Amino acid sequence: MLHEILLSLSGHQSPLLRNDFTQFKAQEVLSPPERELLKTAGHLSDLHCKLISHTAQISASHPSVICRAVSTAIKSIHLAAFQRKILEVEDGILRKDAALVGAYNIVPLTAVVGEFSGWTRRLEWLWELAQFMLGDGGRKAPPCRAAALIDRLRNELQTGYADIGETALSLVRVAETAWLKQISAWVLYGRIPVLGEGDFFIREDRDDERGYSIDPTLLPSFVTPHTASSMLFIGTSLNRVRAENSADPSSSDLANLSSPLQDLSSLTFPLSSPMFSRAITSIRLTLSRTTLQKLLPLSKVLEMLQLFRDFFLLGRGEFALALTQQADEKIRSRWKRADNLAYEKRDGLSTVVIKEGEVAAALSRTWAVLGSMQGEHAEEDEGLELARDLLRLELTTKPKAAASSSTPTATTKARSKSDAGQRVSDKLVATPFRNLLFSVPVVLTLQVPPPLDLFLSASDLETYTAINAYLLSIRRAHLRLTDLWKISSLRRHHLAPPRPPYSGTRGGMAKTRTLRERYAARASAMRGPWSTSSAAIFFLAETESYLQVEVVEGLWEHFHSWVSAGSGGGGATGGQDSSNTPSNETGTTTTTTRRQQHDPQTLASAHRRYLSALVRRLLLTRTGTGTTGAGAAVFAEPLHALLLHVDRLAALVGRLDGVWRALDLEADEGVVDAFSNLDAEERDVRNALRDAETRVKRAVEQAIGALRALSADPAFLAELEGEGEDGEEGEGGGEEYSGDARGGGEKDSAAANDKSRDEGGGNVSISQGEGEGGGRYRPRRIGGVDRLLMKLDFGVWFSNTDRRNDYDDGFVGDGF
């Protein structure tokens, strides 16, 4: 009987332990305690047999390599230990060990079964784990993934049972070792592991600009999003390096793996989230120092950032001026061409709608104008040449991201949640400023050349194009209004009164009187448009000055200083390591300066924070976090309406000038157009002009009201403080400023320590925690909306909005 019990415990089928001991004959043969002991042994035998079967199935067919490794460890470690225990019991019986064999060579069943008392809970736990890995044999749930298994094993370490904790710890070591081997293939060689590819958290993704994307559902819980992003960056960078060195792979720095291997081999199990993150960061920084610094030198980064500043953020004002002029000229030429066509040859709006080739041609003429501004003997402008090669002006019909009709999967939802806070372009308002330049959706864009795409993403480019359309629209409206003063016939008497001696004659005096009456009437009619245009120019000029000088220039200088400073020290001259090296020629000691630049991922993270701060300070983000005003463009919408009304006002003034010129020709020279009624057209234009004045005035009032509402909105002020934002964890985490939204106050002690430097001239505000021991970029605090509102105080200009006689009398407020 003992032999049968031991064989059954070893995993062999035995009728002795599987009979129904509740039958009448069994009750006669076995006592109740013996039946219970045999039930316990039968339970252990059953668990052992099922574990042998399930682990063999998992090891042979499970799609996850980590699950296979854990299943093999269960069989080779724990079930083997159970088998050894059976052999030890058998050996003790044969040796007549007093612990098992009593008097007269009697072996108590209690002693035999008691030797396996510590295995019941352990085998039951292993059986539950095997069922979890197999997913109930595929009947109720799919097989588990590696991330879920690792998380379950790590949670089981906290059960409180010592034997379960030891078993779980041994399996955690196996699972995390296998998972770390997959990670090593990616972070050391840039290759997705061949075995277990479907279980790896990084997938090939053709829709992603980098070619790979992260599936957060396949990430163990101890891996932070920032660490996962670092691993994605490392692998994609290695792929890029391999592509660059495909001709001579042996020359690549990828062969030097001693430092990364040492970082990974120094990890202890179970893996600690901070230690693992530190090891990945060390590998990333090593890769940046040895390989990526050659692939992406600081000069290329600064060159591209300067291009964005000059052309997308309108740092070169002549570019915005030339592009606006070429766009207006193209629109005018299309309308003139449409007017010259016979009616039967016109095809709806096809004769006036701008096409792709004409948009590109307008940019080409803009480059020609900028080149002519340099002069014949001017030095070559490298920035202009780079922009000429990279920038493109394109028609766009990009749909809203939220308009997708497809149902998102769980993976898509998880990925979207993981990416939240990293895509600055998702927070931009949807107001179509891109429609104002050519009256069709047109954006300024470029194809980011490699290897600059290591730190510049498609989302960053979308943000730059949105900012460019926004700033260019304001500049264009400002230029259109100021160009009205270039129409000499509206500002001066034209034609001039007759000269002597004809002016002294009766006919000359009558001519002079007629002209003066005409000019007086027209000057009176233009008082309203001139005053409205002056007020709108003041609003646009002050708004543009605030956005360009205080916001764009302030943030740009600070970010540029941080990038140029490298990764060491604070201030614009930080990041330099001085070392004394002997001079071979003179024998003296000279001091050399070495600057370690930020690694590409640190640059990308800082660049996102810079853009995030920029779009918030430019009032381009969606505001409002509650049910009221959620996703509303508080300032952008009235500003967009104002720009539309300004376009209409400028067009009507130009049309009125054309009508008056035709009337002058008809009255003075007798040139009559039989197909037009100039008097009726003049009345229509003047009525439309009065309506445009009213709309411009109301739009300015609404825009200023929106600014006042923003200045008093706690949610908006919290956004400017960086609160409520989806910050990044780890080294790239959070957004911090060096002052509050209205120019006063400090957020924390670190910001207080940097206040004097920020006020002194825009030095870099740096804190520890990012990059190679250097400072984490924190956008500096700049003036808030209140500073702009102080300049836009129009007095009583808006106090009599409904008084129509104000326009007839040429009413102008206290400020004019």
Side-chain angles (χ1 to χ4, degrees), residues 311-314 317-335 349 352-356 358-363 365-366 391-400 425 428-445 462-484 532-533 536-537 539-544 546-548 552 615 618-620 633-655 688 692 695-696 698-700 702-703 706:
F311 296 95
F312 282 86
L313 303 182
L314 305 187
E318 65 272 16
F319 171 73
L321 176 62
L323 181 60
T324 300
Q325 291 175 345
Q326 295 301 321
D328 291 343
E329 180 62 30
K330 173 55 65 177
I331 292 176
R332 284 193 297 266
S333 65
R334 290 306 299 266
W335 280 107
L349 294 177
V352 295
V353 174
I354 303 296
K355 297 180 175 61
E356 182 77 32
E358 294 172 320
V359 172
L363 182 61
R365 288 192 297 271
T366 301
L391 293 188
R392 299 293 181 268
L393 201 62
E394 299 176 349
L395 292 174
T396 177
T397 56
K398 178 183 177 182
K400 293 183 180 179
S425 58
L428 296 175
V429 298
T431 307
F433 289 98
R434 62 173 67 95
N435 296 350
L436 296 177
L437 184 62
F438 283 93
S439 300
V440 291
V442 174
V443 295
L444 185 68
T445 184
E462 292 175 10
T463 304
Y464 274 115
T465 57
I467 295 176
N468 174 261
Y470 176 69
L471 297 177
L472 187 61
S473 299
I474 299 176
R475 178 72 59 85
R476 174 179 176 273
H478 190 185
L479 291 175
R480 292 207 68 182
L481 287 179
T482 54
D483 284 345
L484 296 181
T532 303
S533 299
I537 287 175
F539 173 83
L540 293 174
E542 294 299 332
T543 302
E544 189 178 13
Y546 167 77
L547 297 178
Q548 282 285 355
V552 175
V615 295
L618 289 175
L619 311 178
L620 265 177
V634 175
F635 176 70
E637 288 181 354
L639 178 63
H640 181 260
L642 172 62
L643 300 182
L644 290 177
H645 298 322
V646 164
D647 273 357
R648 182 167 178 254
L649 176 66
L652 288 173
V653 170
R655 184 181 173 190
R695 292 178 182 272
V696 169
R698 186 179 298 114
V700 174
Q702 291 174 351

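The chain is numbered in sequence order, starting from 1. What you see is a predicted model, and the numbers here were worked out from it, not measured in a lab.
Between L395 and F438 there is no side-chain heavy-atom pair separated by less than 4.5 Å. At least one side-chain heavy atom of F539 sits less than 4.5 Å from a side-chain heavy atom of L639. With contacts defined as side-chain heavy-atom distances shorter than 4.5 Å, the pair E394/V442 does not qualify. Within the 4.5 Å cutoff, the side chain of R434 has no heavy atoms near those of the T465 side chain. Side-chain atoms of R476 and R480, non-hydrogen and from C-beta on, do get closer than 4.5 Å to each other. Proximity of L436 to L472: side-chain heavy atoms (C-beta onward) are nowhere separated by under 4.5 Å. Taking 4.5 Å as the limit, every side-chain heavy atom of I467 sits out of range of all side-chain heavy atoms of L428.
Here the OG atom belonging to S473 is positioned 11.0 Å from the CG atom belonging to L540, to the nearest 0.5 angstrom. Between the CD atom of E358 and the CD1 atom of I331 there is a distance of 10.5 Å, given to the nearest 0.5 Å. Taken to the nearest 0.5 Å, the CG atom of L642 stands 10.0 Å off from the CG atom of D647. Here the CD atom belonging to Q325 is positioned 11.5 Å from the CD atom belonging to E318, to the nearest 0.5 angstrom. Going from atom CG of L437 over to atom NZ of K330 covers 13.0 Å, rounded to the nearest 0.5 Å. Of the inter-residue distances, the one linking H478 atom NE2 with L643 atom CG reads 12.0 Å to the nearest 0.5 angstrom.
Residues L484 and S533 share a closest heavy-atom pair of CD1-OG, 3.9 Å. In terms of heavy atoms, A699 sits closest to H645 at CB-CD2, 3.9 Å. Smallest separation of non-hydrogen atoms from L444 and F312: O-CE2, 3.0 Å. Of all the heavy atoms in P638 and A706, the pair that sits closest is CG-CB, 4.0 Å. Taking all atoms of both residues into account, the shortest heavy-atom contact from L393 to E356 is O-OE2, 4.0 Å.
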- [ ] Let me see the working for D483 and D328 under side chain to side chain contact (heavy atoms under 4.5 Å, CB included), right down to the final yes or no.
- [x] CA-CA 12 Å; D483 284 345; D328 291 343; 5.8 Å; no

- [ ] Show your reasoning for whether side chain to side chain contact (heavy atoms under 4.5 Å, CB included) applies to T445 and Y464.
- [x] CA-CA 8 Å; T445 184; Y464 274 115; over 6 Å; no

Task: Pair T463-L620, side chain to side chain contact (heavy atoms under 4.5 Å, CB included): steps then yes or no - done: CA-CA 10 Å; T463 304; L620 265 177; over 6 Å; no

- [ ] Could you give me the CA-CA distance, side-chain angles and deciding distance for E329 and R365, then say whether side chain to side chain contact (heavy atoms under 4.5 Å, CB included) is met?
- [x] CA-CA 11 Å; E329 180 62 30; R365 288 192 297 271; over 6 Å; no

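Side-chain N or O atoms of N468 include none that pairs as donor or acceptor with a backbone N or O of V443 at under 3.5 Å. R475 places no side-chain N or O within donor-acceptor distance of the main-chain N or O of A320, the cut-off being under 3.5 Å.
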